Amino acid sequence: MTTNFPVFSRRTALKGIAATGLVAAGGFDLSIVTAGPASAMPSPGVISCADWGARPARWSSLPVVTSPATKILIHHTTDPNTTDYTRAHAIGLARQIQDFHMDGNGWPDTGQHFTNTRGGYVLEGRHGSLDALHDGHRMIEGAHCPGRNTDSIGIENEGLYTSATPTQAQWDSLVQLCAYVCQQYGISVDDIKGHRDYFATECPGNQLYSMLPKLREDVFAAIDRPGYHLRSTFNDNYVAAELGWTSPADMTTRYGMLRARTSGNPGIWETYTRIGLGDRKVAFRAYNGKYVSAELGWTSPADMTTRYGMLRARADKIGPWEQFTLEHHGSYTAYKAANGKYVSAEFGWTSPTDMTTRYGMLRARADRVDVWEKFAS
Ligand SMILES: [Zn+2]
């Protein structure tokens, strides 16, 4: 059996952690971190050590790092670029690597965390890597790059990529695996690196190394999907796009406002469609069919007590105010905006009349990241 990636379903919410920075006209810029619960996807799946019949590790317990991985390191195995794309071949490769690492190198187990074959099969390398990945809060110490074995997930890609390119199937499975790893550990796609970035080696080959920018973009796109949620870590509430104001005076519109107010399971008002615009620019469309704008300030009433900027689901089309730059920074890091402002999930109003609730409102106002500026799953 294979273990499915519990992500990327169009029908369910996602556990992805991401920070979005809004870049709008006039240099206005803000950020949000998005997250939602994990869910299941049907493919491509990872063939676990038990599934491919790995030998037991030499040690009864392999070292565990009790914090999330912060990088992905891409390798190539330098094996011949086979045209045997079968599952049986993939399992044979995993066994061959394990034998070499244990018997040849004297290591306790396979060095890398995952192996990705030219047939598009992903196999667990070192025992425990897959469970740790599903957990998302720990990783198994690897043996794939000196100095990076306690903070980086190593992915060995079958083949020699000095000049050849991976097969499409291998590329696709690599993208899916990286997307899941980024999501589970809160790794930025910018932290998908080549082995050579940290060690004197040709690995992963000039050709595959030159494809890493494309890999980052493809992984980013793989994470891009509908059913996005925002949750404040401070008040533990999901952000709702409310259709309109009820008071005072409904402001000048009824466009809908973003608030961090809904506890429990997010519903339709808390679910956004994230629309990729290329180059990591995205827009968010709310339940009312409007796009989320980051407005620079209030115009009434009395501009509240500030003009920090407010998020609203109001625009009929995607203009510069509705474009966000999406970055992945991990669960507890907010995005540093170009104008030095961060989005705060403020708990309540102070005026006028605290509206009808004190649920909390999102504003682009903070100069630094504090508890109010942190969002997570
Ligand atoms: Zn390598």
Side-chain angles (χ1 to χ4, degrees), residues 5 7 44-47 65 68-82 90 93-94 96-98 100-101 110-126 129-130 132-133 139-223 280 327-328 330:
F5 289 110
V7 288
V46 175
I47 303 172
V65 179
T70 59
K71 296 178 182 62
I72 296 173
L73 262 56
I74 302 298
H75 303 265
H76 67 169
T77 66
T78 72
D79 285 297
N81 291 332
T82 182
L93 176 71
Q96 173 194 319
I97 292 173
Q98 187 188 31
F100 177 68
H101 285 178
T110 299
Q112 73 271 15
H113 298 94
F114 298 100
T115 307
N116 178 39
T117 75
R118 288 174 56 78
Y121 288 97
V122 175
L123 304 98
E124 185 179 28
R126 181 155 290 202
S129 298
L130 190 55
L133 177 61
M139 61 170 284
I140 307 299
E141 181 175 330
H144 62 94
C145 178
R148 295 264 74 90
N149 289 318
T150 56
D151 65 10
S152 300
I153 296 300
I155 300 175
E156 285 282 358
N157 293 279
E158 180 189 20
L160 177 65
Y161 298 116
T162 49
S163 57
T165 56
T167 66
Q168 189 63 50
Q170 185 174 30
W171 183 261
D172 291 345
S173 56
L174 179 61
V175 168
Q176 291 296 299
L177 176 62
C178 287
Y180 184 56
V181 173
C182 284
Q183 175 183 284
Q184 290 301 99
Y185 287 129
I187 296 173
S188 165
V189 296
D190 293 323
D191 286 320
I192 300 173
K193 303 289 191 180
H195 188 185
R196 66 170 65 175
D197 289 325
Y198 296 101
F199 195 74
T201 174
E202 306 239 321
C203 183
N206 284 345
Q207 183 59 39
L208 182 51
Y209 187 76
S210 75
M211 296 172 74
L212 292 187
K214 175 173 169 49
L215 179 63
R216 295 179 191 113
E217 294 303 324
D218 285 1
V219 170
F220 178 82
I223 298 171
R280 299 189 199 174
E327 301 284 348
H328 300 263

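In what follows, every heavy atom counts, from backbone to side chain, and hydrogens, waters and symmetry copies are set aside. On a predicted model such as this, the values are computed, not experimentally measured, just so you know.
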Stepwise side-chain contact (heavy atoms from CB on, under 4.5 Å) test for D191 and T70: CA-CA 7 Å; D191 286 320; T70 59; 5.9 Å; no
Which is it for D218 and W171 under the side-chain contact (heavy atoms from CB on, under 4.5 Å) test, yes or no, and what are the steps along the way? CA-CA 10 Å; D218 285 1; W171 183 261; 2.8 Å; yes
Derivation and outcome, side-chain contact (heavy atoms from CB on, under 4.5 Å), residues Q96 and D79: CA-CA 11 Å; Q96 173 194 319; D79 285 297; 3.6 Å; yes
I'd like to know whether L174 forms a side-chain contact (heavy atoms from CB on, under 4.5 Å) with I74, so could you lay out the CA-CA distance, the side-chain angles of the two residues, the decisive distance to 0.1 Å, and finally the verdict. CA-CA 9 Å; L174 179 61; I74 302 298; 4.0 Å; yes
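Note that CD1 of I47 is 7.5 Å distant from OG1 of T117, once rounded to the nearest 0.5 Å. Between the CG atom of N157 and the NE2 atom of H76 there is a distance of 9.5 Å, given to the nearest 0.5 Å. Summarising the geometry, atom OH belonging to Y209 is positioned 6.5 Å from atom CZ belonging to R196; distances are rounded to the nearest 0.5 Å. Of the inter-residue distances, the one linking L130 atom CG with E124 atom CD reads 5.0 Å to the nearest 0.5 angstrom. Expressed to the nearest 0.5 Å, how far CG of N116 lies from CG of L93 amounts to 10.0 Å. Between the NZ atom in K214 and the CG atom in L208 there is a gap of 12.5 Å [rounded to 0.5 Å].
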Taking distance alone, no hydrogens or angles, what donor-acceptor pairs closer than 3.5 Å link side-chain atoms of residues 142-149 to residues at least two apart or in another chain?
{"residue": "H144", "atom": "ND1", "partner": "H75", "partner atom": "NE2", "Å": "2.9"}
{"residue": "H144", "atom": "NE2", "partner": "S152", "partner atom": "O", "Å": "3.0"}
{"residue": "H144", "atom": "NE2", "partner": "G154", "partner atom": "N", "Å": "3.3"}
{"residue": "R148", "atom": "NE", "partner": "D151", "partner atom": "OD1", "Å": "3.1"}
{"residue": "R148", "atom": "NE", "partner": "D151", "partner atom": "OD2", "Å": "3.2"}
{"residue": "R148", "atom": "NH2", "partner": "D151", "partner atom": "OD2", "Å": "2.7"}
{"residue": "N149", "atom": "OD1", "partner": "H144", "partner atom": "N", "Å": "2.8"}
{"residue": "N149", "atom": "OD1", "partner": "C145", "partner atom": "N", "Å": "3.0"}
{"residue": "N149", "atom": "ND2", "partner": "C145", "partner atom": "O", "Å": "3.2"}

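Side-chain contact check for V219 versus I72: every heavy-atom pair is 4.5 Å or farther apart. P166 has its side chain within reach of Y161: a pair of non-hydrogen atoms, C-beta onward, lies under 4.5 Å apart. Between V46 and Y180 there is no side-chain heavy-atom pair separated by less than 4.5 Å. Counting heavy atoms from C-beta on, the side chains of N81 and L160 come closer than 4.5 Å. The closest side-chain heavy-atom distance from L73 to C203 is not below 4.5 Å.
Among all heavy-atom pairs drawn from S129 and I140, the shortest one is N-CG1, 3.7 Å. Nearest heavy-atom pair across I153 and H113 is CA-ND1, 3.5 Å. Heavy atoms only, all atoms of each residue included: A169 and G119 are closest at CB-O, 3.8 Å. Closest of all the heavy-atom pairs between E158 and T82 is OE2-CG2, 3.3 Å. For the residue pair T165 and M211, the shortest heavy atom distance occurs at CG2-SD, 4.1 Å. In terms of heavy atoms, I155 sits closest to C178 at CD1-SG, 3.9 Å.
In terms of the side-chain hydrogen bond (donor to acceptor under 3.5 Å, both in side chains) criterion, residue partners of T115 (sequence neighbours excluded) are, by chain and number, Q112.
No more than 12 heavy atoms of other residues, nucleotides or ligands lie within 6.0 Å of CD in E202, so this atom counts as exposed by the packing criterion.
Remark: side-chain polar atoms of T167 are paired, donor with acceptor, to backbone N or O of R118 under 3.5 angstrom. No donor-acceptor pair under 3.5 Å is formed between the side chain of Q207 and the backbone N or O of A164.
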